[in-house]
Protein chains: 2
Amino acid sequence: MDSGAEGLAQVLGLFRTRGSQTRADVIAATGMARSTVNQRLEALLSAGLLCSAGENASTGGRRAERFAFDADAGRLLVADIGASGLRTALCDLGGRVLAERTEEIPVTRGPEPVLKAVDEHFARLPLPRTGPGGGPALRGVAVSVPGPVEFEAGRAVSPPIMLGWDGFDIAGHVRRRYGVTALVDNDVNVMAFGEHRAGPPGVGHLFMLKVGTGVGSGIIADGRILRGAQGAAGDIGHLPARLEEPPSPGAEPALCRCGNVGCVEAYAGGWAFARDLFPGLADEETVNAVPEALRLLRSGDHHAIRLARRSGRILGEAVAGAVSLLNPAVVVVGGQFALTGEHVLTGIREVVYRRSLPLATRSLVIRPAALGKRSGVIGLAQQLADALFAPSGIAELLPRG
Amino acid sequence: MDSGAEGLAQVLGLFRTRGSQTRADVIAATGMARSTVNQRLEALLSAGLLCSAGENASTGGRRAERFAFDADAGRLLVADIGASGLRTALCDLGGRVLAERTEEIPVTRGPEPVLKAVDEHFARLPLPRTGPGGGPALRGVAVSVPGPVEFEAGRAVSPPIMLGWDGFDIAGHVRRRYGVTALVDNDVNVMAFGEHRAGPPGVGHLFMLKVGTGVGSGIIADGRILRGAQGAAGDIGHLPARLEEPPSPGAEPALCRCGNVGCVEAYAGGWAFARDLFPGLADEETVNAVPEALRLLRSGDHHAIRLARRSGRILGEAVAGAVSLLNPAVVVVGGQFALTGEHVLTGIREVVYRRSLPLATRSLVIRPAALGKRSGVIGLAQQLADALFAPSGIAELLPRG
DNA sequence: GAACTTTTGATTGTCGACGACCAAAAGTAG
DNA sequence: CTACTTTTGGTCGTCGACAATCAAAAGTTC
């Protein structure tokens, strides 16, 4: 029954994280006996999860054979559902994007229409029709949504901006439709995970800030996603904002779409940026005006730049708090608004390095998302691959039960 | 070499967390074979780590024998070093305090004098002179300090308020002196751990706020202490404070002892409370005036109560941020200032329930430290016991290597 | 007291991981 | 070509975990 699933996962994990390895490398890294390593390698090779990868240069004798994880042994479908848009991708098992599609669709339409759109994307992505000999098979599907997720159950819980999604069993929906492993997570969590994996190994503590239409964050602590008791961790966007100038007398604090007032998002999110850039806009119009606002920012409009920089500083205040609390090694900034020019990032840096404590900032790196707009889909694929290749799931991938 | 250390630790862990168990319980919980369970139990019994604990009521046949972790199989010495005081304890292996001592001594004296004071405490605690037949042996020593700690190395790093401790190898010092396992951690981390273990099982996410002379916090995420990249996580005390009233024009933001201005601690910590309660006090005197200020608060002085309540609200603003970010299941409030009456706690509750998001607060519990002033020492003992009984360390506790 | 339950102790054979050993393969240095 | 290195593939005995079995011990119910 067990038959070394633990060891199989350990060996496979080695190849997934460290790339190609020789037998001797595996023995040194795992501490397993040579005979055991050979057994595991043979099993993984015959399952098609490993492949030969050339030979080492000789060090005086016979050259050592290298093996590598075969990312082409299967395919993953992922859907990164944002507040206002959708990005889907076909990935290999290593999390590389082979093909992708995007679409503008507000998540507020509700689960059925949005997941139907996802299905259409998946149908049009060039997934090889999964036959026994017809190319790599589909191994799993992963979906992220812009709100809290009860991770084990794969369902959305009390999402503030996802009308109609509360309690919807997303994982069940997907699993029924595609008959493979399904995974659901929060959108910023998966971005954080993607950036974490893309970064240098050994960095276990990462803070991801997403500044798109709204503002959210994801936390990697000790290499794992920090979800909190109800899966609601990382909600930095609805913290009360600290403003640089004292509010002018009589001015009311900004109303936020979460129903509260004075949230970070209500001053520094993408929609707040559009609202401030185009005064007099109706409330319903601000969200739709975000793309236009970003165009203006990209074109170098001075007023837009000033506003973006100010957003960055307001965000910086919140991030500085998170840095003091979590002491991450790196802060990654992503999302459409933050990735439009360097203005938001500059504002964030300005405040964080001034505000946070010396020990926490001494070697702190604040950088834009290395994966750009693909942080989410890549993070989804990485997390899904982790789930597939965990000791509990690895048995299914081997032949003969 | 290995000989089932993994399994031994697993079985022992079962008894440590769930109390007394029968053989059948262990088999059900671990999934190990009966023969294996018997082997492990025999080993642990002969090592004196388990003991017999009566029998079950019969369910129709022979009564099942119960076994329990024998907390008296060894002793632990722990020292909880705070900013202004020291609390040491002799504990059993279950973390129960058998004897304790306290002393007022400022940590700023430096490592040698303070650790010498710890040694004197240890010498006076009724530790049975550890002989082969002379009572339970000393198994480990643990120390906590009020500043960031590089946990693996067991040394203090860049502590803001611990002059002269930077880089001091506390664990090495202790290990050399007592020749047993030594563990060093941050004071609030160990309090968080103690409260976490004392609370109901299954609560993996806890936020600990300590309000004593200063202000600090400790984070339990997924059942483990969150330390951050440099061991500096949890520094809530030196976040910029959000004040309820707009600062009066011309008023300068409060100077903090960390060198910055406007920190939470500079408005809501114990020394700030003393400063505001006794205006005109010299800077050097405020810290020493804290006990007197707490006496006044305890006596029901109206002004003191108002100030304490205000401190609570300022702390609440910071805690609300942490709650949104971390989504803990419970917030525990400890420290001398917070434990003097309910005033500070009331202020915190007032703000957190108003400020934080519905999902995060729906089932959030905010409670005072269940272990009172002993959170620290008990947390130290618990953590030390965990380290001793981990798979890597369990071999040393068994006879015959 | 007899029949039935349940726990416990002891034995045995199977299987997988390990480590030691040997021999073949592949290459380098002279 | 020869001697030496290094990797690889295989065999084999040992040991620990497991599962199955049997028998004794302890207790309940009738």
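Atoms considered below: every heavy atom in the structure, side chains included; atoms not considered: hydrogens, waters and symmetry mates. Every chain is numbered from 1, with letters handed out A, B, ... down the list of sequences.
A:Asp92 has no carboxylate O lying under 4.0 Å from a charged side-chain N of A:Arg75, or vice versa, which leaves the two without a salt bridge. In this structure, A:Arg16 pairs ionically with A:Asp386, as a charged nitrogen and a carboxylate oxygen lie closer than 4.0 Å.
Between the side chain of A:Arg66 and the main chain of A:Ala53, no donor-acceptor pair closer than 3.5 Å is present. Between the side chain of B:Asn327 and the backbone N or O of A:Ala229 there is at least one donor-acceptor pair closer than 3.5 Å.
Among D:dT7, C:dA17, D:dA19, the nucleotide with an atom closest to any side-chain atom of B:Ala33 is D:dA19. Comparing C:dT6, D:dG16, D:dT7 by their closest approach to the side chain of B:Arg62 singles out C:dT6. When the nucleotides D:dG10, C:dG9, D:dG27 are ranked by their closest atom to the side chain of B:Arg63, D:dG27 comes out on top. In this structure, of D:dC18, C:dC18, D:dT8, it is C:dC18 that holds the atom nearest to the side chain of A:Ser35.
Toward the 5' end of DNA chain D, the nearer of the two residues B:Gln39 and B:Arg34, judged by each one's closest nucleotide, is B:Gln39.
Contact detail for B:Leu49 and B:Ala73: the closest heavy-atom pair is CD2-CB, 4.1 Å.
Straight-line distance from the CE atom of A:Met32 to the P atom of C:dG16: 15 Å, rounded to whole Å. The interatomic distance linking B:Asp25 (CG) with C:dT8 (C1') rounds to 15 Å, in whole Å. Counting to the nearest Å, the P atom of D:dT6 and the CD1 atom of A:Ile27 are 15 Å from each other. Going from atom CD of B:Glu6 over to atom C1' of C:dC18 covers 17 Å, rounded to whole Å. Across the protein-nucleic acid pair, A:Leu45 atom CG and D:dT8 atom P stand 12 Å apart, rounded to whole Å. Look at CD on A:Gln10: it is 19 Å from P on C:dG16, rounded to the nearest Å. We find that CD of B:Gln21 is positioned 13 Å from P of C:dT8, with the value rounded to whole Å. The separation between B:Arg23 atom CZ and D:dA25 atom C1' is 13 Å, rounded to whole Å.
Considering only side-chain N and O atoms, A:Thr36 lies under 4.0 angstrom from the phosphate OP1 or OP2 of C:dC18.
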